[in-house]
Amino acid sequence: MGGWAIAVHGGAGVDPNLPLERQEEAKQLLTRCLNLGISALNSNVPAIDVVELVVRELETDPLFNSGRGSALTEKGTVEMEASIMDGPKRRCGAVSGLTTVKNPISLARLVMDKSPHSYIAFSGAEDFARQQGVEVVDNEYFVTPDNVGMLKLAKEANTILFDYRIPSSAYETCGSGVESPLQMNGLPISVYAPETVGCVVVDREGRCAAATSTGGLMNKMTGRIGDSPLIGAGTYACDVCGVSCTGEGEAIIRGTLAREVAAVMEYKGLKLHQAVDFVIKHRLDEGKAGLIAVSNTGEVACGFNCNGMFRACAPEDGFMEVAIWD
């Protein structure tokens, strides 16, 4: 085995005009979460526990689009989704349509560990949460003033908003001058909120795990489900690698992006970095997305085809990267 490795992401697709203050806040949060995972790995905590631990931390902080601070639906409410996967036996759990569960990733873990199912959604997931005694809060807990303002802007805008937490003083720079709106399934959308969060880990035993959590798109239709809770699309882990994706959910779903990384490693014999590059170049069609990945030999890699991705990674040899741009 090549030692442990960890990567964390806070979403792909970043406004080029993102204020430096917000860039620094994002890097500080990524660094804090990365160090949290590193400390656990140095204490020989299993990979599956580490990815849950790190994503819970990301869900609790309102900076990115998961848990508290999630994107709002067209009705001004929050509907969250998450998934988690344990590589050694390909065990997995996923949830969608959550409105009161404080940490969706932990409910996904309970689906994996405490239910006969792999995926539970909406009222069934809420009922399961109460049966399991997880912490629940009012939906208003997840709604932040920034989100309320950006939802209003989203309903009025005809341009792409790359980052829906730009301060109100900078709204005019957020996606301004963009002539062609982003398209999903061939249809234009006015607002794209790509800040899904995720974590992938391989521990010293070579066990890979992955976890992904999101509030989805700002101004999305109620009931919309993206790639994040879909095993093989937004999240995947097996004996070979662990992968978490972020970006245009519909493109990630069509390309079964996370599973594709493992598939080309298994069937084409590619190394992790080669597999990530291949999938980003050849499996997204015209979609915009990114991903983080680890291999069972302690490699760590990330890739994206948009202008930036909030990310941090570290292998056990001591190298650490926290970055946003190329």
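- Asn147 contributes a side-chain N or O that, together with a main-chain N or O of Ser70, makes up a donor-acceptor pair within less than 3.5 Å.
- Looking at Asp227 and Leu257, their side chains never come closer than 4.5 Å, going by heavy atoms from C-beta outward.
- Between the side chains of Thr212 and Ser244, at least one donor N or O sits under 3.5 Å from an acceptor N or O.
- No side-chain donor-acceptor contact under 3.5 Å links Thr214 and Ser228.
- Counting only distance, with no hydrogens or angles, the side chain of Asn296 and the backbone of Asp239 share a donor-acceptor pair below 3.5 Å.
- Applying the salt bridge (charged side-chain N to carboxylate O under 4.0 Å, His left out) rule to Arg283 yields the partners Glu260; only residues at least two apart in sequence or on another chain are considered.
- When only modelled atom types and interatomic distance are considered, Ser66 and Ser213 share no side-chain donor-acceptor pair under 3.5 Å.
- The backbone N or O of Gly226 sits less than 3.5 Å from a side-chain atom of Glu81, completing a donor-acceptor pair.
- Distance alone, capped at 3.5 Å, is enough to place a donor-acceptor pair between the Gln23 side chain and the Leu18 backbone.
- Looking at Arg224 and Glu74, no side-chain N of the basic residue comes within less than 4.0 Å of a carboxylate O on the acidic one, giving no salt bridge.
- With Leu270 as the partner, the side chain to side chain contact (heavy atoms under 4.5 Å, CB included) test is satisfied by one option alone out of His273, Glu266, Gln274: Gln274.
- Under a 3.5 Å cut-off, the side chain of Glu126 and the backbone N or O of Thr100 do form a donor-acceptor pair.
- Under 4.0 Å is where a charged nitrogen must lie from a carboxylate oxygen, and between Glu299 and Lys271 no such pair does.
- Of the possible donor and acceptor atoms, none in the side chain of Ser39 sits under 3.5 Å from a partner among the backbone N and O of Asn35.
- With hydrogens and angles ignored, the 3.5 Å screen pairs a side-chain donor or acceptor of Ser115 with a backbone N or O of His117.
- Side chains of Ser96 and Tyr119: a donor on one and an acceptor on the other come within 3.5 Å.
- In this view, Glu52 and Ser106, Arg109 satisfy the side chain to side chain donor-acceptor pair (under 3.5 Å) rule, not counting sequence neighbours.
- Side-chain atoms of Tyr236 and Leu291, non-hydrogen and from C-beta on, never get closer than 4.5 Å to each other.
- Across all their heavy atoms, Phe122 and Ile225 have their closest contact at CE1-CD1, 4.1 Å.
- Put simply, the side chain of Asp203 never gets that close to the backbone of Ile48: no donor and acceptor are under 3.5 Å apart.
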